[in-house]
Amino acid sequence: MRTTLTLLLSTFCLIGSQAQDRNWSAELNYPISIGESFGASNQGIIGVGLTYRFAEFDKVKLGASLDAVWFATTFTNDTDPVQELDYRDFFLQPRLFAEIPLSAGEKLKLRGGLGWTWYRSTGEVFFNSEGKVEGIDNNSGPDVNLGLSYDFFPRWFLQAQYDLIFSYGDSPSRTLGLLKVGVGFRF
């Protein structure tokens with residue numbers, strides 16, 4: 001996992017020699033979970049992203065992105081004594097995307113992408129009346145991404161994007177949804 005992450009980040013850095021063209025962007029998002037049992041109970045903490053646009057055909061730009069998202073939840077178990085159980089979820093999402101302008105001034109852009117999601121969930125599992133056992137689930141699967149961005153200054157933009165993740169692994173197979181709303185900076 002660390003080798004893959006190091007390889008992806010190194011590739012982004014090597015390709016980045018054209019930074020004066022503003023092909024790069026950094027993003028800060030607030031994540032919201034949508035969908036199955038993961039959905040309604042988890043609290044988004046932060047989402048960060050790095051995007052590189054490496055090709056342009058007419059008005060369509062092609063690129064690659066890497067997103068990381070963190071969630072945290074505390075459940076209360078109604079036993080005697082009452083116990084609080086902490087859960088943490090981490091998503092790592094590399095993807096390829098295409099971006100097209102929707103307005104004449106190219107301030108409003110539509111982006112769609114395909115990628116892969118690695119999903120790690122850690123939590124305390126209530127084992128018995130004397131203690132807790134920590135559980136770690138590693139899951140992964142393909143994801144589909146769709147988003148909109150609006151440039152409110154030449155380098156700054158607002159964005160909203162939705163990820164549909166088809167997850168399988170240690171947990172039962174399921175479909176997860178992530179909505180990310182945030183701000184970005186092009187450089």
Side-chain angles (χ1 to χ4, degrees), residues 1-35 44-71 89-120 138-169 175-187:
M1 178 73 169
R2 288 184 182 163
T3 347
T4 304
L5 181 58
T6 304
L7 179 63
L8 286 171
L9 289 175
S10 298
T11 302
F12 276 129
C13 290
L14 288 174
I15 295 174
S17 61
Q18 301 173 349
Q20 67 274 12
D21 295 334
R22 295 189 186 159
N23 290 329
W24 288 90
S25 64
E27 303 160 358
L28 183 63
N29 296 300
Y30 177 74
I32 303 165
S33 62
I34 298 171
I45 295 179
I46 192 169
V48 295
L50 185 63
T51 302
Y52 179 69
R53 291 157 192 82
F54 56 77
E56 186 172 352
F57 301 99
D58 195 20
K59 291 190 174 197
V60 177
K61 293 183 180 181
L62 301 178
S65 66
L66 180 64
D67 291 346
V69 180
W70 290 268
F71 284 88
D89 299 293
F90 173 73
F91 293 82
L92 184 64
Q93 302 176 292
R95 89 176 43 88
L96 295 174
F97 68 87
E99 183 177 71
I100 58 171
L102 295 178
S103 63
E106 297 188 11
K107 288 186 174 235
L108 183 64
K109 297 177 183 83
L110 175 68
R111 180 164 68 177
L114 297 172
W116 195 264
T117 297
W118 286 279
Y119 163 43
R120 179 182 173 108
N138 290 303
N139 302 289
S140 64
D143 73 69
V144 178
N145 173 271
L146 187 63
L148 281 173
S149 68
Y150 178 76
D151 297 347
F152 63 93
F153 283 121
R155 295 179 131 188
W156 292 90
F157 60 93
L158 296 173
Q159 73 170 1
Q161 55 181 316
Y162 178 75
D163 292 302
L164 183 62
I165 303 164
F166 304 97
S167 172
Y168 59 90
T175 303
L176 304 173
L178 296 181
L179 177 66
K180 301 174 212 165
V181 179
V183 65
F185 179 75
R186 287 190 181 85
F187 56 96

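Excluded from the calculations below are hydrogen atoms, water molecules and symmetry mates; all remaining heavy atoms, backbone and side chain alike, are included. Predicted, not measured: the structure shown is a model, and the values here were computed from it. Each residue takes its place number in the sequence, starting with 1.
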### Task
For Ile165 and Leu178, run side chain to side chain contact (heavy atoms under 4.5 Å, CB included): C-alpha distance rounded to whole Å, both residues' side-chain angles, the deciding distance at 0.1 Å, then the answer.
CA-CA 8 Å; Ile165 303 164; Leu178 296 181; 3.8 Å; yes
### Task
Could you check whether the rings of Phe91 and Phe71 sit parallel, tilted or perpendicular, using 30° and 60° as the cut-offs?
perpendicular
### Task
Give a yes or no on whether a salt bridge exists between Asp89 and Arg120, defined as a side-chain N under 4.0 angstrom from a carboxylate O.
no
### Message
Just to verify, which of Arg53, Lys109, Arg111, Lys59 counts as forming a side chain to side chain donor-acceptor pair (under 3.5 Å) with Glu99?
### Response
Arg53
### Task
State, yes or no, whether a side-chain contact exists between Leu148 and Leu102 at a heavy-atom distance under 4.5 Å.
yes
### Task
Can you measure from OG (Ser25) to CZ (Phe187) and round to the nearest 0.5 angstrom?
7.0 Å
### Message
Under the criterion side chain to side chain contact (heavy atoms under 4.5 Å, CB included), I'd like the reasoning laid out for Glu27 against Leu50: C-alpha separation, chi angles, the key distance, then a yes or no.
### Response
CA-CA 6 Å; Glu27 303 160 358; Leu50 185 63; over 6 Å; no
### Message
So if I apply the side chain to side chain donor-acceptor pair (under 3.5 Å) rule between Lys180 and each of Asp163, Asn145, Asn29, which one comes out positive?
### Response
Asp163
### Query
Do Phe152 and Tyr150 come close enough that some side-chain heavy atom pair is under 4.5 Å?
yes
### Task
Taking only Lys NZ, Arg NE, NH1 and NH2, and the carboxylate oxygens of Asp or Glu, determine whether Glu56 and Arg22 approach each other closer than 4.0 Å.
no
### Task
Would you check if Arg186 and Ser149 make a side-chain contact, meaning some heavy-atom pair closer than 4.5 Å?
yes
### Message
Within the structure provided, determine whether Asn138 and Tyr119 are in side-chain contact (heavy-atom separation under 4.5 Å).
### Response
no
### Message
Can you tell me how far apart CZ (Phe57) and CG (Leu62) are? Round to the nearest 0.5 Å.
### Response
5.5 Å
### Query
With a 4.5 Å heavy-atom cut-off, do Val183 and Trp156 have their side chains touching?
yes
### Task
Would you check if the side chain of Ser103 reaches a backbone N or O of Leu108 as a donor-acceptor pair within less than 3.5 Å?
yes
### Summary
Tightest non-hydrogen contact, residues Pro31 and Val69, listed as CB-CG1, 3.4 Å
### Contact summary for Tyr168 and Pro142, nearest pair of heavy atoms
CE2-CD, 4.3 Å
### Query
Roughly how far, to the nearest 0.5 Å, is CG of Asp151 from CD of Gln159?
11.0 Å
### Message
To the closest 0.5 Å, what do you measure between CD1 (Ile34) and CG (Leu179)?
### Response
4.5 Å
### Message
Side chains of Leu176 and Ser167, heavy atoms from C-beta outward: is any pair under 4.5 Å?
### Response
yes
### Query
Would a 4.5 Å heavy-atom cut-off, applied to side chains only, mark Lys61 and Ile100 as touching?
no
### Task
Taking the side chain as every heavy atom from C-beta outward, state whether Leu114 and Leu96 have any atom pair closer than 4.5 Å.
no
### Query
About how many Å separate CG of Leu92 and OG of Ser140, when rounded to the nearest 0.5 Å?
11.0 Å
### Message
Leu164 vs Asp143, test: side chain to side chain contact (heavy atoms under 4.5 Å, CB included). Steps then yes/no.
### Response
CA-CA 5 Å; Leu164 183 62; Asp143 73 69; over 6 Å; no
### Message
Can you tell me how far apart CZ (Phe97) and CG (Leu110) are? Round to the nearest 0.5 Å.
### Response
12.0 Å
